[in-house]
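Reminder, nothing fancy here: chain letters follow the sequence lines and each chain counts from 1.
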There are 2 protein chains.
Amino acid sequence: MSKKTTIYDIAAKLNITAATVSRALNGNSKISESTRKLVNETAKEMNYEQNKLALALKSGKSFNIGVIVPRIDSNFFASVIRGIEEELHPHGYHVIICQTHDQDTVEIENINSLLNAQVDGILMSISNSKLETDEHFQKLLKKGVPLIFFDRRKEISGVSSVTIDDFKGAYTATQHLIDQGCKRIAHLSNNREIQIFKNRYLGYKQAIIDNGLEFDEAIVIETMSKVLEGRKTTKQLLAMEKPPDAIFSSSDFTALGAIEEIKAHGLKIPEDISVVGFSNEPFTRFMELSITSVDQSPIEMGRITAQVFLEEAKNSKKIKSEKQVILSPELIIRDSSLKSTIVSEK
Amino acid sequence: MSKKTTIYDIAAKLNITAATVSRALNGNSKISESTRKLVNETAKEMNYEQNKLALALKSGKSFNIGVIVPRIDSNFFASVIRGIEEELHPHGYHVIICQTHDQDTVEIENINSLLNAQVDGILMSISNSKLETDEHFQKLLKKGVPLIFFDRRKEISGVSSVTIDDFKGAYTATQHLIDQGCKRIAHLSNNREIQIFKNRYLGYKQAIIDNGLEFDEAIVIETMSKVLEGRKTTKQLLAMEKPPDAIFSSSDFTALGAIEEIKAHGLKIPEDISVVGFSNEPFTRFMELSITSVDQSPIEMGRITAQVFLEEAKNSKKIKSEKQVILSPELIIRDSSLKSTIVSEK
DNA sequence: CTGTTAGCGCTTTCAC
DNA sequence: GTGAAAGCGCTAACAG
């Protein structure tokens with residue numbers, strides 16, 4: 001438990017002052033080469049290590065940034081965080097993780113606690129909640145702490161965001177199904193108060209309309225991103241008078257449930273019913289009947305979110321220009337929707 | 001960008017001293033009820049918020065703990081981190097994430113950088129490397145910073161660890177295959193310089209021997225935890241003069257590769273060849289032919305790791321009693337190894 | 001009960 | 001080129 005050595009210790013040993021040591025260590029220009037060398041050497045000798053906490057208190061920069069996500073054990077969020085960490089690490093930043101579990105009270109609490117910890121910025125995906133107030137976000141802005149949304153954003157003036165084009169992803173997926181000859185495409189939706197789900201719905205709808213197909217609200221069902229919910233909902237669809245010949249799901253998990261249910265009914269995929277999911281979760285690739293899905297390039301999203309932060313951090317004092325990066329999603333076509341015999345991407 | 005209010009601001013306003021404010025805010029016993037109330041009110045009015053950085057510098061406790069993992073976008077590590085975060089959060093700790101990508105140089109760098117950031121402890125899974133030196137770990141111990149290993153540990157006196165009983169997990173899995181009538185069980189192993197893989201190998205071997213089966217080193221193959229590697233290795237196995245009738249893999253990914261390869265050879269699972277994986281990755285459950293695997297209860301592992309840390313943090317000054325928690329793995333039997341007609345867990 | 005003082009470790013004017 | 005001194009925001013020992 002050896003006490004940590006400070007610049008005072010090494011100053012004392014060298015009969016100089018702490019200020020000089022500090023300067024020498026920081027490569028200040030006006031310091032003699034000899035003392036610089038001496039200081040550096042003894043610093044190494046005494047195993048000196050800078051206390052970032054003191055620096056942080058002094059400078060007001062902690063070099064910590066907070067990342068808030070609903071939960072971390074989802075491939076999507078974990079991958080985004082990976083991207084963030086990899087991008088920020090070379091710049092000396094540490095990444096603090098908080099989970100909200102989709103509870104807005106926890107979200108607010110997390111923001112406050114990160115603020116107390118003096119983080120230099122907050123990158124977050126908002127929780128799935130009905131909360132109307134912007135108060136906690138405004139507080140961040142007022143304090144001048146950069147706030148950046150990724151994926152699940154909220155429309156707030158002055159706040160940058162990095163998202164994918166969910167509309168386009170959904171449109172492309174639906175168009176693909178139509179190109180495969182599907183005529184009655186159902187949509188498994190989700191809480192449409194969240195932008196991403198709303199946009200997926202809108203993209204789907206637009207593709208239907210643009211292709212002159214009948215848009216039928218009856219086969220758009222709001223459900224939750226769970227395998228079992230997917231099964232239940234699909235059961236409803238199959239029991240209809242005019243069942244669909246394709247399902248576009250806003251989640252890979254409900255898509256999986258749909259597939260299970262369709263098979264249980266003795267129907268063939270993709271011949272009888274085609275299925276497309278969203279998110280490109282790892283398992284969609286591993287399935288024997290692999291699932292077509294929309295990739296969101298989460299690592300890339302994380303990296304870019306980090307870059308946007310770095311930029312804002314640099315221009316701290318200037319007018320904060322709100323920046324909205326919209327990534328392009330990629331449709332990964334696999335077995336569950338490919339009727340032709342051409343070999344699909346695996 | 002309103003300047004943050006400090007206790008001095010509120011002291012000034014009330015014509016009292018900062019110390020008093022501090023005491024009032026912290027519920028010090030010897031303070032008049034009236035001033036306490038007054039302070040608390042004006043604090044709220046002025047939107048006062050404690051600067052944890054100053055507290056940290058003063059007290060030497062940052063209430064940050066570092067978590068180092070090879071990578072975060074693996075379900076296992078993400079789940080462990082989830083457990084850690086959930087357990088530590090109520091105690092006021094923040095979790096800082098670092099990734100090593102299995103490079104020991106990065107591991108050392110991460111430890112140093114966390115140390116500079118004055119974390120109150122480090123929880124980690126060591127990287128897959130051949131590094132022999134303990135130097136960086138000893139440094140932590142010398143500084144009195146609690147260090148706790150989870151899953152991938154190293155034998156270091158004075159360092160606690162939370163792991164699962166890999167030997168038992170492997171033994172149980174192998175025994176299960178034997179119980180299903182398998183007589184020639186291959187093992188897809190991994191770098192056995194890492195304890196977990198070594199123990200899985202040893203558990204497998206022991207089960208073979210205890211059941212009077214022939215132990216054949218020729219069907220124990222060291223490979224990497226990738227689907228494609230699993231395919232390659234399985235191809236080798238199937239080409240042998242005496243191919244195995246079961247495969248116990250130390251990884252779910254190689255198990256998946258094995259399954260793909262076995263099917264490609266027109267063989268039936270589990271009738272011709274049974275397969276068991278390790279880790280209970282989410283996809284093993286989702287497969288149409290679901291994969292038997294050994295569950296490591298990662299969230300639980302994270303929670304317990306956090307608890308061990310909290311305990312050590314409490315007894316900081318006392319003799320640090322090294323603690324080794326060994327969790328019991330659970331075999332989840334699914335389609336890939338269940339020959340009987342009983343319905344398996346899905 | 002409350003004020004005074006000092007100090008956590010570092011950087012940064014301002015002198016010399 | 002280097003020293004002296006102040007200050008980041010907070011707490012705690014010592015007075016009174």
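OP1 and OP2 of C/dC1 both lie 4.0 Å or more from every side-chain N or O belonging to B/Thr35.
Side-chain contact check for A/Thr35 and A/Ser32: at least one donor-acceptor pair (N or O, by modelled atom type) lies under 3.5 Å.
The distance from atom CG of B/Asn28 to atom P of C/dT2 is 10 Å, rounded to the nearest whole Å. Residue B/Ile16 contributes atom CD1, which lies 14 Å from atom C1' of C/dT4 at whole-angstrom precision. One interatomic measurement links the two molecules: CG of A/Asp9 to C1' of C/dC10, which rounds to 13 Å at whole-angstrom precision. When rounded to the nearest whole Å, the span between NZ of B/Lys30 and P of C/dG3 equals 15 Å. Rounded to whole angstrom, the span from the CG atom of A/Leu25 across to the C1' atom of D/dT2 amounts to 15 Å. Rounded to whole Å, atom P of C/dC1 lies 10 Å from atom CD of B/Glu33.
Residues B/Ser125 and B/Asp151 come closest through the heavy atom pair OG-CB, 3.7 Å. Across all non-hydrogen atoms, the minimal contact from A/Arg23 to A/Ile31 is CB-CD1, 3.8 Å. Taking every heavy atom of both residues into account, A/Lys52 and B/Ala117 meet most closely at CB-CA, 4.1 Å. The minimum heavy-atom distance linking A/Ser113 with B/His94 is given by the pair OG-NE2, 2.6 Å.
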- Scan nucleotides 6-16 of chain D nucleotide by nucleotide, 5' to 3', and note B when protein non-hydrogen atoms come under 4.0 Å of the base, S if they reach only the sugar-phosphate, - if neither. -BBBBBBB---
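When the options A/Val21, A/Asn51, A/Thr17 are evaluated for a side-chain contact (heavy atoms from CB on, under 4.5 Å) with A/Ile7, the one that passes is A/Val21. Residue A/Phe149 is tested with A/Ile156, A/Leu123, A/Ile122 for a side-chain contact (heavy atoms from CB on, under 4.5 Å); the sole match is A/Ile156.
Summary for the helix from C/dC1-D/dG16 to C/dC16-D/dG1: the axes at its two ends, each from 5 pairs, differ by 40° when rounded to the nearest 10 degrees.
Within the nucleic acid shown, B/Thr17 comes within 4.0 Å of at least one base atom, counting heavy atoms only.
In this structure, A/Phe309 and A/Tyr93 have perpendicular ring planes: the angle between them is above 60°, well past the 30° mark.
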Residues 296-303 of chain B side chain polar contacts: donor-acceptor under 3.5 Å, at least two apart:
{"residue": "B/Gln296", "atom": "OE1", "partner": "B/Ser279", "partner atom": "OG", "Å": "2.9"}
{"residue": "B/Arg303", "atom": "NE", "partner": "B/Glu87", "partner atom": "OE1", "Å": "3.0"}
{"residue": "B/Arg303", "atom": "NH1", "partner": "B/Glu86", "partner atom": "OE1", "Å": "3.1"}

